[in-house]
Amino acid sequence: MTPPPGSLLTAENLRKAYGPTLALDGAGFSIHPGEVVAVMGPSGSGKSTLLHCLAGIVPPDSGSILYDGADLATMSDARRSALRRSDFGFVFQFGQLVPELTCVENVALPLRLNGTSRKEAERAALAWMQRLEVDDIGRKRPGEVSGGQGQRVAVARALVTEPRVLFADEPTGALDSLNGERVMELLTDAARSTSAAVVLVTHEARVAAYSDREIVVRDGKSRDMERAV
Amino acid sequence: MSAEGGQRSAPAPSRIGGWARDLGMGVRFALAGGREGWVRALLTAVGVGLGVALLLLTTAVPSMQSVRRERESARDDVDYSRMDLRASDRSLLVANIDTDWRSKDIRGRALEREGAKAPLPPGLDTFPAAGEMVVSPALKELLESSDARLLRERLPGRIVGTIGESGLIGSHELAFYRGGEGLAGNIDGARVARIDRFGDTSPPEQATDPVLLLLVLVVFAVLLMPVAVFIAAAVRFGGERRDRRLAALRLVGSDGYMVRRIAAGEAMAGAVLGLVFGTAFFLIGRQVAGSVEVFGISVFPSYLDPSPALALLVGLAVPAAAVLVTMFAMRGVVIEPLGVVRTAKPTRRRLWWRLLLPLAGLGMLWPMVGQGRDSGNFNEYLVIGGVLLLLIGVATLLPWAVESVVSRLGGGGVAWQLAVRRLQLSSGTAARMVNGVAVAIAGAIALQMLFAGVESDYTKSSGNDVQRVQMQVSLSRNAQLAPAVREFRDTKGVRTVYAYAEGTLGDRRKDPDIGIGMTVGDCASLRQAAALPSCRDGDVFYVGNADLDENALKMAKRPGRTLYLDPTYSGAPRSREIPWQIPSGMKEAGSREDLTGGERGGFLVTPKALSATAATALRGQVYLALDASVPDAGDLVRNTAAAVDPLSQPMNWYATQTSERYGAIRSGLFVGAVAVLALIGASLLVSQLEQLRDRKKLLSALVAFGTRRRTLSLSVLWQTAIPIALGLVLSLAVGLTLGVVLLRMTATPVVVDWWSVLSMAAVGAGVVVAVTLCSLPPLLRLMRPDGLRTE
Amino acid sequence: MSIGHTLLGLLESGPRHGYDLKRAFDEKFGHDRPLHYGQVYSTMSRLLKNGLVEVDGIEPGGGPERKRYAITDAGVTDVQTWLATPEKPEPYLQSTLYTKVVLALLTRRDAADILDTQRAEHLRLMRILTDRKRKGDLADQLICDHALFHLEADLRWLELTAARLDKLAEVVVK
């Protein structure tokens with residue numbers, strides 16, 4: 001398979017079954033550096049599974065995922081983990097902040113997993129929290145801050161390693177419109193400023209409107225809307 | 001205020017009616033909460049059940065001990081007090097022919113009837129004839145196993161029956177009765193006796209030794225505390241989920257008090273179910289107890305019969321305690337309709353009242369310090385109270401200590417940080433988890449110290465020199481020494497044989513004023529007993545050390561004088577009274593440590609210097625050096641001994657010999673401690689697993705980040721290891737203090753048995769490691785990214 | 001909504017009388033607003049003039065309703081172009097979209113494709129509005145938000161319809 005020229009992450013013909021359920025059935029995907037691509041589709045269509053495969057969290061049953069010249073589909077778990085630590089960032093809908101760590105420690109966590117010293121990691125973390133306008137809650141724990149603040153902390157944590165690809169799975173799912181939009185603005189701004197690619201899984205059109213282009217997943221098959229138009 | 005709301009929603013229930021309704025609702029929740037509810041109720045029930053079973057077992061221990069003691073005393077036979085009994089149609093000759101098989105003791109008796117009305121020992125229907133044996137079921141099984149060929153050779157009699165339960169003190173006791181012949185000539189009150197009934201003729205009004213009593217009391221206190229801690233932990237299994245459900249109840253209009261009562265009802269349901277489980281566990285455990293042997297002790301199920309009063313107490317106290325613990329635990333929790341609020345800033349744990357408990361405990365023990373073992377009248381309530389307070393002190397100090405230490409921890413890697421932060425947020429949970437372990441260890445350390453301290457009194461240092469010889473065989477009075485020695489020399493596994501014939505010389509035929517020891521042996525053997533200038537067969541020596549035997553020194557200067565070998569003492573049958581002339585030209589020998597570890601005085605005689613008649617008045621002692629590389633050398637020797645002289649008494653030499661009573665208590669402590677630690681390990685595991693299940697999503701998210709499994713596994717380990725380490729330090733401090741106080745009470749010099757301290761700490765640490773290891777597979781499973789899928 | 005395209009589409013399945021056309025239209029699309037005969041007549045004559053339909057035959061009795069119309073090749077192409085072109089996203093679009101979807105189903109074209117094309121067009125406009133909103137002042141933001149919420153409502157309808165296409169096909173194509 002030859003990826004489209006200039007593509008950072010390309011997947012083709014992905015198949016993934018969980019027991020009898022076929023979550024992905026020949027899905028494909030491609031993203032350029034600095035691009036924001038929305039993955040849309042009804043619940044259960046397989047969009048989260050597509051994200052998990054693209055991010056190397058789960059290996060697909062078949063198909064290929066090319067990132068930087070290497071195929072994630074055949075990579076060992078350890079190498080995929082290392083890649084996720086160094087090159088990818090993640091934002092989920094909820095359940096992602098470690099409740100007993102302070103916000104700043106949560107943001108610093110990915111850096112520390114990469115071996116950065118605690119002091120340095122927390123300094124970088126605070127800088128990112130400033131960009132996401134949550135530096136004032138650094139010493140609080142996730143349980144003590146609002147949902148919007150918590151999600152911004154999560155975004156800061158996803159970006160603190162300056163990843164080349166940011167994976168966001170319903171990042172505003174638990175927020176109201178105003179908070180959700182603010183988070184999306186900050187997320188896309190921050191990603192563009194570091195020319196990170198963003199894979200944005202959402203079922204909300206107004207969130208998808210922050211993307212450059214979208215693909216739709218239905219019954220495990222993906223459809224690239226740019227080509228459709 | 002909010003209570004009013006609840007009253008309004010349910011029109012005017014009586015106060016008691018309200019209680020009953022809420023408790024009942026809680027019971028329903030506990031039992032009808034779907035699959036999850038059942039699992040929770042089951043966990044609680046198993047936890048409480050294990051605790052109840054242990055409590056019931058504990059209440060049954062006194063009866064078990066007394067039954068064992070009764071059985072033991074009912075079959076009591078050989079003792080000195082019956083030396084004056086004459087042969088009649090009611091008399092029976094009994095010889096103690098106990099033996100060992102590898103490291104196990106075997107009780108053996110040879111029986112010879114002197115008349116038709118001779119008493120039958122308990123558990124036997126008929127007397128075995130000569131060449132026949134009646135054996136215990138366990139011994140029968142052992143003899144039939146292919147492994148025990150050597151033992152079978154030693155006990156060749158035909159098995160004609162088994163000893164009934166009434167003649168044994170444990171289901172696994174090894175014992176046999178054998179038909180005997182010609183025992184009359186060997187009556188000495190020690191190995192062979194004539195009796196007319198079994199059972200202790202004059203059961204010594206054995207006032208329980210105060211020190212032993214203290215030990216037993218402390219063992220009970222130590223065992224019961226962790227059970228209480230464990231039950232407290234068990235009724236709180238799944239507490240977080242329950243809180244969420246209670247919040248939902250608040251949403252539909254229950255007030256704060258109702259919610260508390262419902263929670264209490266849930267706890268009670270679990271506890272009552274636990275009682276049922278516990279009874280079942282106990283009954284199963286009782287049967288199992290009959291089929292196992294721990295530290296050489298086995299019992300019959302019927303021994304384990306809890307006293308009804310104590311059992312009733314357990315049945316009432318456990319559910320009550322469950323309710324109280326729940327109420328107490330919910331003190332700091334405000335359940336609001338939309339969720340659970342832990343009182344915003346948990347009140348800082350205060351130190352002073354936590355210190356009060358152990359101090360009060362010390363205060364209760366203090367008045368008894370120095371009373372010692374002679375005046376030794378311990379007020380058992382003060383002792384138990386003091387010990388319990390000290391141990392509860394550990395349990396209450398632990399949360400404070402964990403919190404104040406943990407809040408100061410910092411630095412370290414990610415795993416360490418995750419663990420520390422988690423502990424900082426919920427140090428109480430962590431502390432509770434290890435409280436049981438810590439209390440058990442503090443108590444066990446104290447007991448170990450107490451044991452080690454009084455060990456010198458209860459464990460006689462035998463002084464035997466295990467370097468030179470490892471076994472001794474005392475021959476019976478009529479046995480021939482020389483052929484026996486030849487047999488021993490030819491036995492496989494025997495390297496060297498030293499043989500002595502020993503006797504006593506008196507200055508008169510009857511009731512002599514002085515007694516001088518006589519040792520007969522070849523030069524090689526005699527050199528092991530004294531420092532000889534030179535030695536040839538025919539020589540006679542005297543030991544010139546006046547401290548050992550002044551009389552020998554005096555008599556050595558009066559050659560020609562007649563002494564009498566084996567003089568008669570009044571009250572005993574007539575002895576041989578063989579005259580022996582003190583020879584001239586006796587050589588002087590220096591003293592040295594002999595094979596028994598003592599120094600030997602008196603006359604040392606080589607065989608040629610003694611007449612054949614005189615030799616019959618001596619008793620043979622054989623000392624054997626074994627070849628450690630030959631397996632079962634000890635049993636080979638015992639076989640030879642049984643062959644050359646059925647009444648011989650082979651003994652293994654160990655550096656020390658443990659007093660039997662002390663050994664029993666120590667065994668009890670070990671059994672109990674192991675059981676308690678296993679129990680606590682189980683509950684630790686349950687809490688750990690529950691905690692992991694609650695964090696499924698978070699774990700998956702962390703994996704998405706690329707968190708290494710190692711990091712999370714380590715953090716799980718730290719999370720248990722930090723509080724355990726703290727618990728160990730604290731329990732060491734309390735245990736050592738308690739130990740010192742207890743030792744002072746018995747006026748025993750304080751000795752810290754560091755090895756025991758370390759081993760107890762290691763047992764505790766082992767539990768933690770085991771729990772962590774057991775929680776790793778589910779952790780790794782939960783770390784699979786599937787957790788992200790559920791939406 | 002384009003009545004001309006709709007009538008053309010209805011003719012694709014075979015020649016019909018003007019009266020049949022009106023009845024078919026009313027049945028499938030004109031739930032609350034039935035067509036007048038006059039509308040049918042004028043539309044058909046315009047289509048005839050543009051060469052998109054031809055008269056297949058006239059039944060005795062005269063009058064437009066007695067003429068049988070058939071679609072020409074040019075007519076089929078015209079329908080095809082119309083269906084494939086997304087509508088300019090604007091409020092109250094659904095009747096046109098609905099007509100297109102039903103016609104696509106009737107003429108065995110890919111209805112899902114029409115919906116996807118339309119949602120892409122909607123999202124394109126939403127992106128533009130979102131972008132304007134991010135750069136604009138509060139007034140711009142409020143105005144854009146109004147449009148965005150309406151577009152989002154349309155988009156949801158598109159998604160829902162896409163999810164129910166199979167059922168709709170059962171009802172429409174008897």
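Hydrogens, waters and symmetry mates play no part in the numbers below; they use all other heavy atoms, side chains included. All chains are named by letter (A, B, ...) in the order of the sequence lines, taking the proteins before the strands, and each is independently numbered beginning at 1.
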Worksheet entry | Contact class of B:Leu702 relative to chain A, heavy atoms under 4.5 angstrom | side chain
Worksheet entry | A:Arg85 side-chain N/O to B:Gly706 backbone N/O, donor-acceptor pair under 3.5 Å | yes
Item to complete: Among A:Leu109, A:Leu101, A:Asn114, single out the residue with the greatest number of heavy-atom pairs under 4.5 Å to chain B.
Response: A:Leu101
Discussion item. Check this for me: A:Trp128, atom CH2, are more than 12 non-hydrogen atoms of other residues, nucleotides or ligands nearer than 6.0 Å?
Written reply: yes
Fill in: Atom pair CZ/CG of B:Phe705 and A:Leu113 - distance to nearest 0.5 Å
8.0 Å
Practice prompt. Taking all heavy atoms of A:Arg112 and all of B:Val414, pick out the closest pair and write down the distance.
Written response: CB-CG2, 3.6 Å
Worksheet item: Between A:Arg118 and chain B, which part of the residue has a heavy atom less than 4.5 Å away: side chain, backbone, both or neither?
Response: side chain
Fill in: Student check: side-chain heavy atoms of A:Val98 and B:Arg421 closer than 4.5 Å
no
Worksheet item: Can you tell if the side chain of B:Thr707 reaches within under 4.5 Å of the side chain of A:Ser81, non-hydrogen atoms only?
Response: no
Practice prompt. Check B:Ala704 against A:Phe92 and note the closest heavy-atom contact, atom names and distance.
Written response: CB-CZ, 3.6 Å
Worksheet entry | SB check B:Arg708 A:Asp77 (cutoff 4.0 Å) | no
Worksheet item: Given a strict heavy-atom distance threshold of 4.5 Å, which part of A:Pro163 is in contact with chain B: side chain, backbone, both, or neither?
Response: neither
Worksheet item: With a 4.5 angstrom heavy-atom cut-off, which part of A:Arg80 approaches chain B: side chain, backbone, both or neither?
Response: neither
